[in-house]
Amino acid sequence: MAKLSLRSFFSEQGRDLPLPRESVDGKSIVIVGANVGIGLEASAHVANKKPSLLIATCRDTVKCEQTLKILRERCAGTQPTSLDSWTLELSSFDDVRSFVDRFDVEGPKRLNVLVANAGTFKPIYARTKDDWEMMLQVNYLSLALLSILLLPHLLRSATSDPSRLVLVSSLGHYLVEPVLTGSQKWDNVLGTISAEKFGVSGASRYNLSKMLQVAFVRELAARLPSPTSLVVTAVDPGFCHSSLQRELEKYCLLRIVLAFVKWLLRARTSEMGSRNLVCAALATNAQDLHGKYMSSCEVVEECDYLLSTEGKAFSERLWWETIEVLSKVDDRVSQIVSAYLSAR
């Protein structure tokens, strides 16, 4: 499915997805953005399997407390004992670094699965306190920072079953090619995308941030040893009923339009969409998923742009720019890249 078509889209949207039966016994799992939507549903699925520890992250302590209460209610039948919720605000690099510092001190000895699910959609241009465009930082840069800083934990936690790193992308990444016209001439990829004068819509910025995740997964996977003890996968949950559109739903007319669009496009429930995340995190055919893009619990091709010669050059350039930016945020990034990854 290198090209997005209406036929393939509706076929996938109407499909009932399997719920993975794999055990999580003895595993420690972190799910980012767990207070609503597919993150909450994925957390409930995992918690019901009674892992050694599930850490569900939320933006603030109030949401953490609410999420723990919901998970305990949703899992009353299985009564998992090892649930926790930690704060993690992805619009702040400092908060990502603090989360990792806390994990180093208070976290479990093992980190078997990291599901990097959190994302945001902003219809109007906005910047973070770190001076990056909001969606670029939350959906890409902060998740890349978190993934790299937790890489040593994931690698040393592998058993006969590899550890898993799952980045939650979107089918919207198929739509980005027009936005990237002439990108080979840009002086700086991340700086160009982040600038307000880049002049694209909020939807295009969102889709682009999700494409960057797919490129990051491919580049990271290519630099890990083979066979790998860490399987890295990008996953599309499908078009779902979720809180991602809450910025649009503030407006009555847009709320009505969006409800119609969800009906027309057969939006999945958040629970059904979350099965994609759980599948990528737990499926037994781990090596088949490494460096791949998944949709409806199956490996599919990423967008044509990323498969092209230009797209492959873009991905490699993006990787090195990302490492350069994040190394300035935290010098552990360059140390981890040097110690654990090849130069390709």
Side-chain angles (χ1 to χ4, degrees), residues 1 4 8-20 22 29-48 54 56-58 67 74 90 113-121 135 138-140 143 147 164-176 203 206-217 231-249 258 261-283 289 292-303:
M1 198 178 81
L4 181 65
S8 64
F9 172 80
F10 281 112
S11 175
E12 289 204 27
Q13 284 293 118
R15 189 183 305 176
D16 282 335
L17 304 179
L19 187 59
E22 286 80 5
I29 298 172
V30 172
I31 298 181
V32 180
N35 61 301
V36 291
I38 58 174
L40 177 61
E41 296 297 335
S43 297
H45 282 310
V46 169
N48 270 314
L54 169 63
T57 83
C58 307
T67 299
R74 294 276 299 274
L90 292 170
V113 178
L114 169 61
V115 178
N117 158 68
T120 190
F121 172 72
M135 286 184 282
V138 172
N139 298 352
Y140 177 63
L143 288 182
S147 300
R164 313 294 177 93
L165 170 59
V166 180
L167 272 71
V168 181
S169 185
S170 168
L171 57 83
H173 94 278
Y174 286 106
L175 306 175
V176 302
Y206 175 81
N207 292 337
L208 183 53
S209 72
K210 292 299 181 176
M211 188 276 275
L212 300 184
Q213 292 178 343
V214 180
F216 177 82
V217 162
V231 168
V232 186
T233 310
V235 61
D236 164 33
F239 182 56
C240 300
H241 292 281
S242 75
S243 62
L244 184 64
Q245 303 93 7
R246 57 186 174 269
E247 292 287 337
L248 295 176
E249 291 176 342
L258 189 57
V261 170
K262 287 180 178 180
W263 172 81
L264 184 66
L265 299 183
R266 302 179 185 176
R268 286 173 172 160
T269 63
S270 294
E271 186 279 324
M272 187 62 69
S274 75
R275 298 184 183 196
N276 287 288
L277 282 61
V278 181
C279 180
L282 302 180
L289 311 182
K292 304 299 185 181
Y293 174 76
M294 293 182 67
S295 181
S296 294
C297 298
E298 297 175 353
V299 172
V300 296
E301 285 187 338
E302 56 267 54
C303 66

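The figures here come from the full heavy-atom set of this structure, side chains too, leaving out hydrogens, waters and symmetry mates.
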Backbone of [Y] reached by a side-chain donor or acceptor of [X] within 3.5 Å:
X      : Y      : value
Asp236 : Ser170 : no
Lys210 : Val168 : yes
Asn117 : Gly33  : yes
His45  : Ala42  : no
Arg164 : Val231 : no
Gln213 : Asn139 : yes
Thr269 : Met272 : yes

To the nearest 0.5 Å, what is the distance between [atom1] ([X]) and [atom2] ([Y])?
X      : Y      : atom1 : atom2 : answer
Thr57  : Leu114 : OG1   : CG    : 9.0 Å
Leu167 : Tyr293 : CG    : OH    : 12.5 Å
Cys303 : Tyr174 : SG    : OH    : 7.5 Å
Ile38  : Ser270 : CD1   : OG    : 7.0 Å

**Study point:** Test log, rule side-chain contact (heavy atoms from CB on, under 4.5 Å), inputs Val235 and Ser169
**Key:** CA-CA 5 Å; Val235 61; Ser169 185; over 6 Å; no

Check your understanding: Between Ala56 and Thr67, which heavy-atom pair has the shortest distance, and what is it?
Key -> CB-CG2, 4.4 Å

Point to revise | Minimum heavy-atom distance between Val300 and Ser295, given as atom pair plus value | key: CG2-CB, 3.9 Å

Check your understanding: Which residues pass the side-chain contact (heavy atoms from CB on, under 4.5 Å) test with Asn207, sequence neighbours left out?
Key -> Leu175, Val176

**Study point:** Residues which pass side-chain contact (heavy atoms from CB on, under 4.5 Å) with Val138, listed by chain and number, not counting sequence neighbours
**Key:** Leu90, Ser91, Thr120, Met134

**Study point:** Salt-bridge present (Glu298, Arg15; N to O < 4.0 Å)
**Key:**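 Salt bridge present between Glu298 and Arg15.
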
**Study point:** Verdict with reasoning, Val113 to Val46, per side-chain contact (heavy atoms from CB on, under 4.5 Å)
**Key:** CA-CA 11 Å; Val113 178; Val46 169; over 6 Å; no

